[in-house]
Amino acid sequence: MSGLQPVRGTRDIFGDESRRHRHVENLARDIAERYGYSEIATPVFEFTEVFARSLGETSDIVSKEMYTFEDRGGARLTLRPENTAGVVRAFISNGLTQQLPAKLFYSGPMFRYERPQKGRQRQFHQVGVELLGAAEPLADVEVIALGADLLSALGLEERVVLELNSLGDAESRQTYRSVLVEYLQSRRNELSPDSLLRLERNPLRILDSKDKDDQAVVANAPLITDSLNAASRGFLEEVLKGLEVLGIAYRHNPRLVRGLDYYCHTAFEFTTDALGAQNAVLAGGRYDGLAEQLGGPSTPGIGWAAGVERLAMLVSDVPPLPRPVAVAPVSDEQTPAALAISQQLRRAGLAVDLGYAGKFAKRMKRANKINARVTVIVGEDELARDVVTVRDMDTGEQKEVALSSLTDDVARFY
Ligand code: ATP
Ligand code: MG
């Protein structure tokens, strides 16, 4: 225990980094709103069962990565490792199933016990969307377009690639499952212990394994694409057609899977080569079986989640903060007037800096240091005439301004 250190895999976010995070989150929220999504905030902890039931006991997240604890009342709780399960749980608990489609946006911290490295933390943040109640390929297109819009708004269009695959409908996955199991059985002595377990319970998940030996086996596995039935092929074609209409470039990656039982049809991931091994920035897919799995009415769904830390690291041009107005009393006697003036300007919506003490020369130095756009100089003689001096910090030009019109005069600099 080292009380003054943050817990391994967690970070304090402040200053420039905080601005980057906020930029990502605000853009995501604004763009989601443009697509008709409204924000939902679900609790950061849920009954463990919510995640166990939705992600499956053999998933990496449930078997290795969850922060699970018993509270003082004996309830088994888990800090959310992702937010799809929580949002779908909330969708069912709140009766949102009556007004479809439900279009929900979220933003907030997630928790996974992983080995920390660049772009991989134990507490990290995601923004994401979930669209519930639309089974049509057009919904997949719209959700992907929303993600693509966010990435272009962040200036990342050239630095990411959209990879996409189809997992097909239940029938196609059943066909594929038998083909895949047959293949994996033939090489079972090369599989990791984890994957041997998955072979019985959820073979598709082996395709998603991070284990090197598993990956060597998976590299030669039959492709799900070859097991898709006509309806599933048709669905995929519609999605691709939509992306083409929108000019969204994609790469069909027949090896991309999301190894969870309820995933079907579209699976996609925007990846980058700028973050080393942590190459996925935004990932999602269709999960038509999830609501039912959680005990709600059968409802189709599709969504994605993006890692805020990973996106924040990639963006280069975060909009600068507005330059403040500095207010500088010439001597201590003018402090009350300077205080009142600062408040008046803040109420008019301007960012104002008023130092707490110091000689006039020091206050002017500070105005320079904080990159003030203008400084309002409050002097004794001027106050007596109900005026102050406004200094343009870029040109050095000064002029007297009546107190009664100060707000308008200062606002003109912005
Ligand atoms: P990875 O393959 O990198 O482990 P994942 O498949 O576990 O990612 P998802 O569950 O799809 O990730 O989560 C969506 C996004 O959240 C990822 O694309 C990534 O940007 C981000 N993310 C996931 N886990 C972490 C983490 N531990 N730290 C930071 N960001 C993360
Ligand atoms: Mg992971």
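Just the heavy atoms: all of them, side chains too, but no hydrogens, waters or symmetry mates, feed the values below. Not measured: the values here are computed from a predicted model. Counting starts at 1 for both ligands and their atoms, following the listed order.
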Tell me which protein heavy atom sits closest to [atom], plus the residue, atom name and distance to 0.1 Å.
{"atom": "atom 8 (O) of ligand 1", "value": "R310 NH1, 4.5 Å"}
{"atom": "atom 11 (O) of ligand 1", "value": "R258 NH2, 3.4 Å"}
{"atom": "atom 14 (C) of ligand 1", "value": "Q126 NE2, 3.3 Å"}
{"atom": "atom 28 (N) of ligand 1", "value": "Q121 N, 3.0 Å"}
{"atom": "atom 26 (C) of ligand 1", "value": "F124 CD2, 3.5 Å"}
{"atom": "atom 7 (O) of ligand 1", "value": "R112 NH1, 2.9 Å"}
{"atom": "atom 1 (P) of ligand 1", "value": "R120 NH2, 3.5 Å"}

Consider every N or O of E309 and every N or O of ligand 1, then say whether any pair is closer than 3.5 Å. no
Should D211 and S195 count as side-chain neighbours, where that means a heavy-atom distance under 4.5 Å? no
Could you tell me whether the side chain of Y287 reaches within less than 4.5 Å of the side chain of V88, counting heavy atoms only? yes
Just to check, does E114 reach to within less than 4.0 Å of ligand 1 when the distance is taken from its heavy atoms? yes
Touching ligand 1 at all, K210? Heavy atoms, strictly under 4.0 Å?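 Flag set, K210 near ligand 1.
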Answer yes or no: is there an ion pair linking [X] with [Y], defined by an N-O contact shorter than 4.0 Å?
{"X": "D214", "Y": "K212", "answer": "no"}
{"X": "R198", "Y": "D60", "answer": "yes"}
{"X": "K103", "Y": "E142", "answer": "yes"}
{"X": "K241", "Y": "E238", "answer": "yes"}
{"X": "D408", "Y": "R412", "answer": "no"}

Which option, G119, G284, G9, S59, owns the non-hydrogen atom nearest atom 29 (C) of ligand 1? G119
State the atoms of ligand 1, each with its element, that fall below the 4.0 Å cut-off from a heavy-atom position in [X].
{"X": "A280", "answer": "17 (C), 18 (O), 19 (C), 20 (O)"}
{"X": "A283", "answer": "11 (O)"}
{"X": "G307", "answer": "15 (C), 16 (O), 20 (O), 21 (C)"}

Any chance the side chains of Q344 and T407 put a donor and an acceptor closer than 3.5 Å?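 The answer is yes; a qualifying pair exists.
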With no hydrogens and no angle check, do the side chains of R205 and S209 hold a donor and an acceptor under 3.5 Å apart?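 No pair is found: no donor N or O on one side chain lies under 3.5 Å from an acceptor on the other.
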With backbone taken as N, CA, C and O and side chain as the heavy atoms from C-beta onward, which portion of H125 lies under 4.0 Å from ligand 1: side chain, backbone, both, or neither? neither
Within 45° of the axis and under 6.0 Å from the centre of the six-membered ring of F47, does NZ or CZ of R76 qualify? no
